[in-house]
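Just so it is clear, the model here is predicted, and its values are computed rather than measured.
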Amino acid sequence: LHLQDKQSAKPATTFCSWTWKYTLEIVRSALAAWAKESNLQEYDVSIWLCYYCNNQHRILNPLVKANGADDLGSVFEKRLQRCRHKVVLLDRVVRPAWMTRLWCIYEAYICVLKDHD
């Protein structure tokens, strides 16, 4: 998978639930393996990593004025519905770091609640 420049940006096709505890290599290799296994061409996949749209640290910081905190759930849900694919990225099968993050579990819950794949 490749990072593209701003001019190449396009709407996200895939939502990825992940945690900052993962290295860039874990994220890159897992998403590349998922795309290959799903018979998707790398350049046809645009990944949405939630942090860049819903910065939880910024939203929760009382010293920072952050737009979207009051309606974060509905904003997140609407953006999620635009993605064709939803991927949960695990660093390992037994006790993955992903399972320790409440926000990650919330993301998966919304996907299941709204009957997303």
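- Summarising the geometry, atom CD belonging to E107 is positioned 10.0 Å from atom CG belonging to L102; distances are rounded to the nearest 0.5 Å.
- Residues V88 and W20 share a single hydrophobic cluster, defined by chaining ILVMFWY side chains whose heavy atoms lie under 4.5 Å apart.
- The shortest non-hydrogen separation linking Y22 to L90 is OH-CA, 3.5 Å.
- Partners of S38 according to the side-chain hydrogen bond (donor to acceptor under 3.5 Å, both in side chains) rule, which considers only residues two or more places apart in sequence or in another chain, are W34.
- To the nearest 0.5 Å, atoms OG1 (T14) and CG (L40) are separated by 6.5 Å.
- Judged as a side chain to side chain contact (heavy atoms under 4.5 Å, CB included), and not counting sequence neighbours, the contacts of K21 are T19, A97, T100.
- Taking both residues in full, the closest heavy atoms of D91 and P96 are given as OD1-CA, 3.3 Å, listed atom of the first, atom of the second, then distance.
- Of all non-hydrogen atoms in K10 and D44, the two that sit nearest each other are NZ-CA, 4.0 Å.
- By the salt bridge (charged side-chain N to carboxylate O under 4.0 Å, His left out) test, E25 pairs with R28, sequence neighbours left out.
- Qualifying ring pair (Phe, Tyr, Trp, His ring centres under 6.0 Å) partners for W98, counting only residues two or more places apart in sequence or in other chains: none.
- With rounding to the nearest 0.5 Å, the separation of CZ in R79 from CZ in R82 is 7.0 Å.
- Interatomic distance, I110 CD1 to S17 OG, rounded to the nearest 0.5 Å: 11.5 Å.
- A pairwise comparison of heavy atoms in I47 and V45 identifies CD1-CG1, 3.4 Å as the closest pair.
- For the side chain to side chain contact (heavy atoms under 4.5 Å, CB included) test, residues two or more places apart in sequence or in another chain that qualify with A12 are W48, C83.
- Surrounding CZ of R95 are at most 12 heavy atoms belonging to other residues, nucleotides or ligands under 6.0 Å away.
- One distance of note links OG of S46 with CZ of F15; it measures 15.0 Å at 0.5 Å rounding.
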